[in-house]
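See structure below.
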Amino acid sequence: MDKKKIDELIAILKKNDLSEVTVEENGVKMTVRQGDITIVEGGGALPHVGGHAPVAKTALSGEAAELAELETKYTALVSPMVGTFYQAPAPGADVFVAEGDSFEAGQTLCVVEAMKLMNDIVADEAGRVVKIVAADGSSVQFGQTLLFFEPLV
Amino acid sequence: MDKKKIDELIAILKKNDLSEVTVEENGVKMTVRQGDITIVEGGGALPHVGGHAPVAKTALSGEAAELAELETKYTALVSPMVGTFYQAPAPGADVFVAEGDSFEAGQTLCVVEAMKLMNDIVADEAGRVVKIVAADGSSVQFGQTLLFFEPLV
Amino acid sequence: MFKRILIANRGEIAVRVIRACRELGIESVAVYSTVDANSLHVSEADTAICIGPGPAEQSYLNIPSIIAAAEVAGADAIHPGYGFLAENARFSDICSTCGITFIGPPPEVIDRLGDKVAARTIMEDAGVPVIPGTRGAVTKERQALTFAAQAGYPVIVKAAGGGGGRGMRICYTDKELTQGFQTAQVEAGTYFKNPAVYVEKYILNPRHIEFQILADQHGNVVHVGDRDCSIQRRHQKLVEEAPSTFITDKTRAAMGKIAVRATEAAAYVGAGTIEFLVDEAGKYYFIEANTRVQVEHSVTEAVAGLDIIKEQIRIAEGETLSVAQRDISLFGYAMEFRINAEDPANDFRPTGGTVEFFNPPGGPGVRVDTHIYSGYRVPSLYDSLLAKLIVWGRDRTETIARGKRALRETLIEGMATTIPFHLWLLDQDDFVAGRATTNFVEQNYKGV
Amino acid sequence: MFKRILIANRGEIAVRVIRACRELGIESVAVYSTVDANSLHVSEADTAICIGPGPAEQSYLNIPSIIAAAEVAGADAIHPGYGFLAENARFSDICSTCGITFIGPPPEVIDRLGDKVAARTIMEDAGVPVIPGTRGAVTKERQALTFAAQAGYPVIVKAAGGGGGRGMRICYTDKELTQGFQTAQVEAGTYFKNPAVYVEKYILNPRHIEFQILADQHGNVVHVGDRDCSIQRRHQKLVEEAPSTFITDKTRAAMGKIAVRATEAAAYVGAGTIEFLVDEAGKYYFIEANTRVQVEHSVTEAVAGLDIIKEQIRIAEGETLSVAQRDISLFGYAMEFRINAEDPANDFRPTGGTVEFFNPPGGPGVRVDTHIYSGYRVPSLYDSLLAKLIVWGRDRTETIARGKRALRETLIEGMATTIPFHLWLLDQDDFVAGRATTNFVEQNYKGV
């Protein structure tokens, strides 16, 4: 019996909040399982208490499918802070980037205003803007996707 | 049987607070499991609120497996009422039926006393007593199995 | 003190009684039908006994089964809750024959107050105001007109042998009464095989206001204030509040004294309710006495800070009341919302099924009494009450705001409930202003 | 009136503030860290904004994020709850700079009362009794002995620059003080690079008794009675009750007046707490003022029938207090049990994981404040409070019985909690008799 492998399975289980892990390999089958299976499968999460699902507050359900697809194909640039998202440095000025534009690492892609300060959101790597999903002038929260891009190697 | 390996599995289970660990290796399968699995599988049912599982109040868990087996093989005679179960018509008298005895339809198999009245529990069909599971003089509730029998056609 | 109490009921009231037992250090025995095996009262009790199949006649109304369960469990008392056997004099009598204390009044008191004519006579004799009416049946139109002339219109003609609205006629003029009297006689004869009718003064837009009373075995009687239960639909209470904002404190005090007098006149023992109708002018009339604890007892507990069920058990134990009238004062305002498995958008049609997720409300001034939980399956055989939400506030405005807040917080997934109705109610100007009478729901609620 | 309040907190207190907002008709904005996305405060609020990753420094303590969230949400006020930024004068100041009302005292008041020496001086000047001590550091053994001769033994020697027990010596005699003074000086020098020590009277077996106070912006101050928080473990409160059975009503009245005086002396505004130690003879000493609402405010709400959080919000809106001192009276007894994700059998080691099933208690006199639900995963980053159970009873005996009943009913599956500790406590003769001091838990609890 490979005790190390079981430990690995447990780590996987714990880290990923799974209810069961089974590995069958060279005639050896290992299963690790935890917790109340029914409830875990139920998703654990609170089914819209008070009628508000937190996530649904920012993402419109109609766009959910499209966003999900973009997410699988491209890289998301997420807001590192709460604030107001702007595509341009000032009202009426040219946008930093438009959909289809390519950009270099270090280039400013947009700004998020927080506490009257304009925070430049700078590209970590080169890429091409596929879709800007946050509306210009809208509020964004921490971790919210601002735009999707395709990294250029 | 490799007791050391089972001990190892138990240690893993306990340490990590798992409900089950299974290892199958060279044609040997080991499963270690803890906690009340029946209730968990029962889904929505309330897991022992107040520490009392109603069903567990009458059936001892040690006998549960044996009862379950009897239930699949034989027919249960259940109490049609709440009361006190007696195998004989009076203290010291002969029992109505003993394990192994055959009986006819219409024959009294036992009595349940309720509100000072002795209620004859009568066989619907002919059969042979396999096991009497209610203890003589014990309280029985509605629907509780008194004995198992094998119908004789 | 009792050692062990069997609760001959189910649902929230069974859980309520178990709680009182726990706090008094008394063991509790739950009884349940096969379909209630997963109900909260079964798991909360110290012992639980299955007494029969789902239909109430074979379980919760099955006296031999319940008595047998009490005997095998060694219970020295039975609490009947409300409904089922709570107002069954025969059950009270059998308990006593079997040496088990029935937690409620003795059989003769149940009989006396259960008979409307007998109860009315007791109350009239004791000087308790009753709705003016012809004593007994009237056979001649002239007698009916004479009564109406004395009592004033409107009057109602009722079949002596009837009920359920049939053979009933509300009359506002001599002409209507002449016609209505004849029609009622014919209907009474047709439906109830008894053409006898009687005539009563008809109370327009009444309030239903009742007093909680407690009476021990030593002749001590107190009232624990009033409850306004005017929010009803087809005579089913939906919301109860305490105290009523309609009556003045002076009327409240006078009614309280009358309620105590009525209790004494009936030689009542236990927890009970004296119900009144109050007309638009604030005049009050005894209508009936309930010889049991009521669903809405909890609204009184909230304003009086008194545990009615524990008092009821202590009374049955032969103890004297723990409070005198002067120890009882009401603080703040409370409302109880009955959360039923009914669809208010669909004429309150019963719903049901499984409670997929239950999140009860919490925080200050909020009490929940329920037997449900996430995953609970509501049996279709019994009444539709899922939970009682009781909110308390320093004034009625706070109580209403808190009620809205708590109702919004309450999450019962898997079936329609009366929560939308309650939220609608709390937004109605007439209700907020305390103007709602017993006709309010039927006249104003169109579903939401 | 505020239109929208942002709650800069999480857990039960965030839910509590949302409830108060709802009842006042104010919109609520929740902020949350990424690990709290499934917490109840997020779903209960009208709006929820993610402000950063799990670690509090990057979210709940991240002032720019919180201010930005208030700005994008259009919140006109921020409620800080307790903990996190609740007693951060700089945060209060920044809020005011940004035109957002901080629901709490102004920065200078927070600063003044947060500095123990400054607070002590204010109180002494106002005639509020403080624990006798040498004003400032003493360098000579002789000064320490002189103080001890005046104040009486035992005394405690403390490092001026220290904390956490180091450099502390409790001395019962001149001889012990002579030795202890030197040792403390050496330790203070070693650990805190500052050999200065001071000497205070040491209160043996004290009670921790605090007064809830409310002060509006117009100079009106009331106290809402006392709370006894003597049941502590390593200075963490586990159970709080109101009112204290240890002090007499006369002492209670006197302490209440002193608490109001202390509040006035500090020019305090908002809801706050004046904490006292009470010695075995019933003599009381101011120890500190808390410039926030406390976890245990709910126990006061239960006996006073007053919503402390709503009052706090109204004060911040500039309203005058809704109650004068004469309107406040306490009725009955209440206890709060902190249900923490800690294993009492294992030295209160933090537990955690997923709440597999949660069944809160209900029925009369029971209040639950919590952010958990069946399926909730407890993040390991924050404090261990899962729920507060508050029980009320007509007398302390009823409260204790109800506490046991409600604790037994509370079902939290999936992790060890402090419930077994509370059940143990309620069976201890010393606790039941009201004899427990702040040392009680450490001296008596061995795990169950």
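Per chain, numbering begins at 1; letters A, B, ... match sequence-line order. Keep in mind that this is a model prediction, so the values were computed, not measured.
- Taking C:V355, C:I67, C:V72 one by one and counting their heavy-atom pairs under 4.5 Å with chain B, the maximum is reached by C:V72.
- For CZ of C:R377, the number of neighbouring non-hydrogen atoms (other residues, nucleotides, ligands) closer than 6.0 Å is 12 at most.
- With a threshold of 4.5 angstrom between heavy atoms, C:I94 approaches chain B through side-chain atoms but not through N, CA, C or O.
- The shortest side-chain heavy-atom distance between C:C50 and B:Q144 does not fall under the 4.5 Å cut-off.
- Here the shortest heavy-atom pairing between B:V82 and C:A68 reads O-CB, 3.4 Å.
- Rounding to the nearest 0.5 Å gives a distance of 11.0 Å between CD of B:Q141 and OG1 of C:T34.
- The shortest side-chain heavy-atom distance between B:E113 and C:E71 does not fall under the 4.5 Å cut-off.
- Two residues are said to be in side-chain contact when any heavy atoms from C-beta on lie closer than 4.5 Å; B:F142 and C:S33 fail this criterion.
- Taking every heavy atom of both residues into account, B:M115 and C:P64 meet most closely at SD-CA, 3.3 Å.
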